[in-house]
Q: 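One structure is given below, represented as structure tokens, and several questions about it will come after.
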There are 2 protein chains.
Amino acid sequence: MEMDEAPARLRCKPSWLLNKVSARAHRLIKETMAAAGGHAYHFAILAALDEFGPDSQVQIGQRCGIDQSDMHAMLNELAGQGHVERTSDPADRRRNLITLTASGRRRLEELDTTLTGVQHDILDALSATERDTLTALLTRILG
Amino acid sequence: MEMDEAPARLRCKPSWLLNKVSARAHRLIKETMAAAGGHAYHFAILAALDEFGPDSQVQIGQRCGIDQSDMHAMLNELAGQGHVERTSDPADRRRNLITLTASGRRRLEELDTTLTGVQHDILDALSATERDTLTALLTRILG
DNA sequence: GACCAATCTTGGTCAGGCCAAGAGTACATC
DNA sequence: GATGTACTCTTGGCCTGACCAAGATTGGTC
């Protein structure tokens with residue numbers, strides 16, 4: 001895991017830095033969520049439902065950047081845990097209407113607290129203002 | 001690919017932003033390198049050899065953060081393209097001494113130019129100073 | 001009714017990052 | 001100089017996230 005001094009040509013490439021930092025963050029989050037019996041996608045889905053209300057699977061997927069097939073699997077898990085209900089939309093029976101349950105709303109807050117804590121660990125080396133700067137820059141890049 | 005407005009709780013998580021930005025960058029680089037008949041790892045390895053001289057596979061791997069088994073595969077490719085020579089180290093016959101060839105040095109410059117160009121595309125939305133800020137922050141995080 | 005479009009489901013692929021066992025070599029210690 | 005430990009390379013694998021495609025069902029249009 002520990003790395004010797006990386007070549008300068010590598011260290012100066014933002015893409016390389018992004019990749020390394022993202023990988024580290026991803027691993028931390030994965031472990032944390034696994035320990036909480038969850039998945040990073042769960043948080044994204046619950047957050048979308050909380051903010052935009054009941055919706056179809058495609059819609060949620062487009063909001064969160066999750067593929068339909070992955071969405072399917074995640075919703076199976078969330079429904080199994082009772083955090084979400086999947087009912088056939090009476091207004092358009094092609095769709096499944098996904099709705100947040102009370103348990104799901106509690107779960108969302110729980111995961112949010114956990115994840116916010118992990119952010120702190122990831123950005124340990126930065127001050128509060130620097131964290132804001134980083135967030136702002138990344139947001140601009142995503143455009 | 002195009003995403004609707006993501007939930008606020010998601011958008012404010014640096015880990016999520018990092019992941020998305022890194023994914024986009026990774027995809028761009030992968031395509032670019034594939035078009036050039038190469039691989040992102042090739043650049044890392046060549047850069048390490050250029051900066052630190054001939055070395056063993058483990059050493060190069062530790063410098064670049066590449067696993068030994070992946071290193072093995074990458075060196076097969078690089079050696080096959082004549083950019084690197086793999087000889088048994090006479091001083092310690094457990095080791096393979098990897099040395100950069102003239103062709104490899106040219107290839108390194110070529111890939112460096114290409115990759116530097118891609119960085120520009122990735123960080124299109126940022127000014128020069130902002131790019132430096134981002135690079136500095138990420139470097140600090142990697143610590 | 002015939003056709004096209006949208007949605008969900010299912011069953012894959014692919015690459016990156018990682019792990020583990022085996023075989024060969026070096027070295028230290030006894 | 002024999003033995004045990006540590007190191008290196010090779011090989012073959014696993015897991016996850018991200019993606020893609022085809023089929024079945026339903027909605028809407030002409």
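Chain letters run A, B, ... following the sequence lines, proteins first, then strands; residues in each count from 1. Computed from a predicted structure; not experimentally measured. Note that these values count all heavy atoms, side chains included, but never hydrogens, waters or copies made by symmetry.
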Q: Can you work out whether A:Asn19 or A:Leu97 has the more 5'-proximal nearest nucleotide on DNA chain C?
A: A:Leu97

Q: Given B:Arg86, which partner from the list B:Leu78, B:Leu75, B:Leu97 fulfils the side-chain contact (heavy atoms from CB on, under 4.5 Å) test?
A: B:Leu75

Q: Please determine if a side-chain N or O atom of B:Arg86 lies less than 4.0 Å away from the OP1 or OP2 oxygen of D:dT10.
A: yes

Q: Indicate the atoms forming the closest heavy-atom contact of B:Asp124 with B:Arg131, along with that distance.
A: O-NH2, 3.8 Å

Q: Between B:Asp67 and B:Asp55, who's closer to the 5' end of DNA chain D by nearest nucleotide?
A: B:Asp55

Q: Between residues 70-84 of chain B and DNA chain D, which residues have a heavy-atom gap below 4.0 Å?
A: B:His72

Q: Can B:Glu109 and B:Arg106 be counted as an ion pair, charged N to O under 4.0 angstrom?
A: no

Q: Ignoring backbone atoms, establish whether A:His39 has a side-chain N or O less than 4.0 Å from OP1 or OP2 of D:dG17.
A: yes

Q: Using a cut-off of 4.0 Å on non-hydrogen atoms, how would the nucleic acid contact of A:Asn96 be classed: base, sugar-phosphate, or nothing?
A: sugar-phosphate

Q: Compare every heavy atom of A:Ser127 with every heavy atom of A:Glu130, then report the nearest pair and how far apart it is.
A: OE1-N, 2.7 Å

Q: Quick one: which of D:dT10, C:dT25, C:dT7 gets closest to the side chain of B:Arg93?
A: C:dT25

Q: For A:Lys30 and for A:Asp89, locate the closest nucleotide of DNA chain D by heavy-atom distance; then report the residue assigned to the nucleotide nearer the 5' terminus.
A: A:Lys30

Q: Just verifying a value: how many Å separate B:Phe43 CZ and A:Lys13 NZ, rounded to the nearest 0.5 Å?
A: 4.0 Å

Q: State which residues pass side chain to side chain contact (heavy atoms under 4.5 Å, CB included) with B:Thr99; sequence neighbours excluded, sorted by chain then number.
A: B:Pro54, B:Glu85

Q: Which heavy atom in B:Ser69 sits nearest to a heavy atom in B:Asp67, and how many Å separate them?
A: OG-OD2, 2.7 Å

Q: What heavy-atom pair brings A:Ala44 and B:Pro7 nearest, and what distance separates the two atoms?
A: O-CG, 4.2 Å

Q: Which part of the nucleic acid, if any, lies within reach of B:Ser69 when heavy atoms closer than 4.0 Å are counted: base, sugar-phosphate only, or nothing?
A: base

Q: Between the protein and nucleotides 1-6 of chain C, list the N/O to N/O atom pairs that are separated by less than 3.5 angstrom.
A:
residue, atom, partner, partner atom, Å
C:dA6, O4', A:Arg94, NH1, 3.4

Q: Answer yes or no: does a side-chain N or O of B:Gln57 lie under 4.0 Å from OP1 or OP2 of D:dT10?
A: yes

Q: In a check of side-chain contact (heavy atoms from CB on, under 4.5 Å) between A:Arg9 and each of B:Thr116, B:Asp112, B:Leu115, which one passes?
A: B:Asp112

